[in-house]
Amino acid sequence: MIPQEVRSLLEKQQYRIVGNHSAVKICHWTKESLVSGRVCYKQKWYGIFSHRCMEFTPSVIWCTHHCLFCWRIQSGDRNLRWKEFPFPFKGDDPKEILEKAIEARKQLLSGFKGNEKVSLKKWEEAIKPTNIAISLSGEPTLYPRLGELIEESHRMGMKTFLVSNGTLPEAIEKLDPLPWQFYVTVAAPDKETYLKTCRPIIRDGWKRLNKTLEIFSSLECRRVIRLTLVKGLNLKDPEKYAKLILKAEPDFCEVKGFMHVGEAQKRLPREAMPRFSDIQEFARKLSELTGYKIK
């Protein structure tokens with residue numbers, strides 16, 4: 001399902017392909033936690049240990065969006081193209097995917113075992129993940145056995161963080177069980193900005209995203225709306241974002257800035273990356289409009 005040229009590029013970028021359509025990679029913050037003790041927001045805010053968090057995707061090169069700000073490779077980048085949707089399909093067995101992903105992650109971490117800066121005890125913990133971030137690349141709700149994968153993850157003792165762009169509300173409505181924490185990315189305040197920023201490859205993406213926001217409050221798990229903001233593109237109209245947030249009624253709203261890394265460097269200038277002060281000010285406006293408190 002993954003063209004050999006694309007597979008080779010992903011492997012060069014330290015992805016490890018699992019089965020026909022999944023992949024695992026070592027997160028920057030897993031490495032930082034092991035080597036220097038620095039941790040990511042998941043540990044600071046949500047109690048998830050960075051060194052025991054597995055970055056994973058069941059849909060490594062397939063997505064319903066071609067977001068300008070995405071640091072992942074998309075069909076059309078570097079003159080590489082592939083079939084956008086090999087879905088719906090049966091999909092690989094979830095238990096087999098997870099077992100292979102954990103083993104591939106262990107192999108990727110093997111070099112850290114001999115690093116004098118890394119605690120052996122911490123490395124031994126790291127190769128036994130306690131959290132799976134189903135967010136590495138692509139749109140995970142395209143995988144038809146996602147509920148089974150979440151259930152198997154929980155059975156294996158891993159909490160689940162699921163990140164979606166919200167364009168498959170029908171898959172979200174059927175999802176059973178739900179993840180421990182569910183993110184939906186909202187990267188535009190209106191349809192015009194959505195089309196320009198997210199570049200959907202489905203015709204009714206904005207309508208579908210809004211359908212997901214309408215059902216979001218009914219999902220019995222921890223729910224987060226995430227805003228990825230780009231200067232000169234979608235860092236605007238906080239009152240419109242506020243309406244979308246209030247429609248979704250999430251437990252948390254994460255306001256984050258676009259990072260000028262990966263393939264996004266070829267699509268956007270460095271100046272499009274907001275300063276932290278820009279994000280703080282935008283969050284302050286959203287707080288005033290929604291009643292959500294800044295934490």
Side-chain angles (χ1 to χ4, degrees), residues 7-18 22-58 60-61 69-73 97-138 140 153-154 156-163 179-181 183 185 224 226 228 252 254-266 270 273-277 279-280 295:
R7 177 186 286 264
S8 297
L9 176 61
L10 291 172
E11 290 175 346
K12 186 177 180 181
Q13 295 175 344
Q14 295 302 302
Y15 288 79
R16 289 297 178 265
I17 307 303
V18 179
S22 304
V24 67
K25 189 179 182 183
I26 305 301
C27 175
H28 166 78
W29 289 105
T30 294
K31 299 174 185 177
E32 282 289 319
S33 179
L34 285 169
V35 175
S36 65
R38 297 176 67 223
V39 298
C40 79
Y41 78 95
K42 291 190 187 104
Q43 182 162 332
K44 291 181 179 180
W45 294 355
Y46 301 121
I48 297 299
F49 292 115
S50 297
H51 69 296
R52 304 191 75 176
C53 183
M54 180 167 73
E55 283 283 0
F56 170 83
T57 174
V60 62
I61 59 169
F69 58 78
C70 184
W71 57 266
R72 289 87 168 178
I73 191 167
I97 289 175
L98 290 171
E99 288 174 347
K100 288 182 177 179
I102 291 170
E103 181 57 33
R105 181 175 177 276
K106 180 180 177 180
Q107 292 174 9
L108 287 169
L109 286 170
S110 61
F112 287 86
K113 186 177 182 180
N115 188 323
E116 61 183 18
K117 295 181 180 179
V118 177
S119 156
L120 179 59
K121 179 178 181 296
K122 198 168 186 178
W123 181 85
E124 289 173 343
E125 291 177 347
I127 61 173
K128 300 173 183 176
T130 52
N131 185 73
I132 178 170
I134 309 172
S135 63
L136 174 60
S137 181
S153 298
H154 294 169
M156 296 171 74
M158 292 187 289
K159 287 188 169 71
T160 46
F161 275 51
L162 175 64
V163 180
W180 188 71
Q181 185 152 304
Y183 287 77
T185 298
V224 185
R226 183 174 71 176
T228 302
F252 304 98
E254 292 181 11
V255 186
K256 60 176 284 190
F258 151 71
M259 297 300 292
H260 193 245
V261 296
E263 298 298 317
Q265 295 175 88
K266 300 179 179 67
R270 186 173 178 81
M273 185 167 60
R275 292 183 176 274
F276 184 48
S277 56
I279 298 301
Q280 286 179 305
K295 302 288 286 185

Enumerate the residue pairs fulfilling salt bridge (Lys or Arg N to Asp or Glu O under 4.0 Å) with a member in residues 47-57, sequence neighbours excluded, ordered by first and then second residue. Lys42-Glu55

Quick one: are Gln43 and Ile48 in side-chain contact, heavy atoms under 4.5 Å? no

Just by distance, do the side chain of Ser50 and the backbone of Cys40 share a donor-acceptor pair under 3.5 Å? yes

Side-chain touch Glu103/Lys100, heavy atoms, less than 4.5 angstrom: no

Ignoring hydrogens, what is the shortest heavy-atom contact between Val39 and Lys44? Give both atom names and the distance. O-CE, 3.8 Å

Donor-acceptor contacts, no H, no angles, side chain residues 110-118, under 3.5 Å, sequence neighbours left out:
from, atom 1, to, atom 2, distance (Å)
Ser110, OG, Gln107, O, 2.7
Asn115, OD1, Lys117, N, 2.8

Closest approach of Ala264 and Phe69, non-hydrogen atoms and distance? CB-O, 3.6 Å

Do Ile132 and Lys159 make a side-chain contact, defined as non-hydrogen atoms from C-beta onward lying under 4.5 Å apart? no

Donor-acceptor check, side chain of Thr57 to backbone of Leu136, threshold 3.5 angstrom: yes or no? no

Beyond-backbone contact of Ile97 with Phe56, side-chain heavy atoms, under 4.5 angstrom: yes

Please examine the side chains of Val18 and Leu98, heavy atoms only from C-beta on, and report whether any two atoms are closer than 4.5 Å. no

Sorted by chain and number, sequence neighbours left out, salt bridge (charged side-chain N to carboxylate O under 4.0 Å, His left out) with Glu32 holds for Arg38

Applying salt bridge (charged side-chain N to carboxylate O under 4.0 Å, His left out), can you list everything that pairs with Lys266, at least two apart in sequence or on another chain? Glu263

Throw together a table of side-chain donor-acceptor distances under 3.5 angstrom for residues 119-129, partners on residues two or more places apart or in other chains.
from, atom 1, to, atom 2, distance (Å)
Ser119, OG, Lys121, N, 3.3
Ser119, OG, Lys122, N, 3.2
Lys121, NZ, Glu125, OE2, 2.9
Lys122, NZ, Ser33, O, 2.8
Lys122, NZ, Ser33, OG, 3.2
Trp123, NE1, Leu109, O, 2.8
Glu125, OE1, His51, NE2, 2.8

For Arg226 and Thr185, what are the C-alpha separation, side-chain angles and deciding distance, and is it a side chain to side chain donor-acceptor pair (under 3.5 Å)? CA-CA 5 Å; Arg226 183 174 71 176; Thr185 298; 3.3 Å; yes

Lys256 (side chain) donor-acceptor with Ile279 (main chain) under 3.5 angstrom: no

Roughly how far, to the nearest 0.5 Å, is the CZ atom of Arg7 from the CD1 atom of Ile61? 9.5 Å

State which residues pass side chain to side chain contact (heavy atoms under 4.5 Å, CB included) with Gln181; sequence neighbours excluded, sorted by chain then number. Tyr46, Phe161, Tyr183, Arg222, Val224

What do the steps show when you test Leu10 against Ile73 for side chain to side chain contact (heavy atoms under 4.5 Å, CB included), and what is the final call? CA-CA 9 Å; Leu10 291 172; Ile73 191 167; 4.2 Å; yes

Approximate separation, where rounding is to 0.5 Å, of Phe49 CZ and Asn131 CG: 11.0 Å

Indicate yes or no for a side-chain donor-acceptor contact from Thr160 to the backbone of Trp180 under 3.5 Å, with no hydrogens or angles considered. yes

Interatomic distance, OH@Tyr15 vs NZ@Lys25, rounded to 0.5 Å, equals 4.5 Å

Of all the heavy-atom pairs spanning Ser135 and Val163, show the shortest one and how long it is. CB-CG2, 3.5 Å

Looking only at non-hydrogen atoms, find the nearest pair between Cys53 and Ala133 and report the distance. SG-CB, 4.1 Å

Shortest non-hydrogen pair, Pro58 vs Ile134, comes out as CD-CG2, 3.7 Å

May I have the step-by-step check of side chain to side chain contact (heavy atoms under 4.5 Å, CB included) for Gln14 and Arg16, ending in yes or no? CA-CA 6 Å; Gln14 295 302 302; Arg16 289 297 178 265; 3.8 Å; yes

May I have the step-by-step check of side chain to side chain contact (heavy atoms under 4.5 Å, CB included) for Thr30 and Arg105, ending in yes or no? CA-CA 11 Å; Thr30 294; Arg105 181 175 177 276; 4.0 Å; yes

Trp45 vs Glu254 side-chain heavy atoms within contact, under 4.5 Å: yes

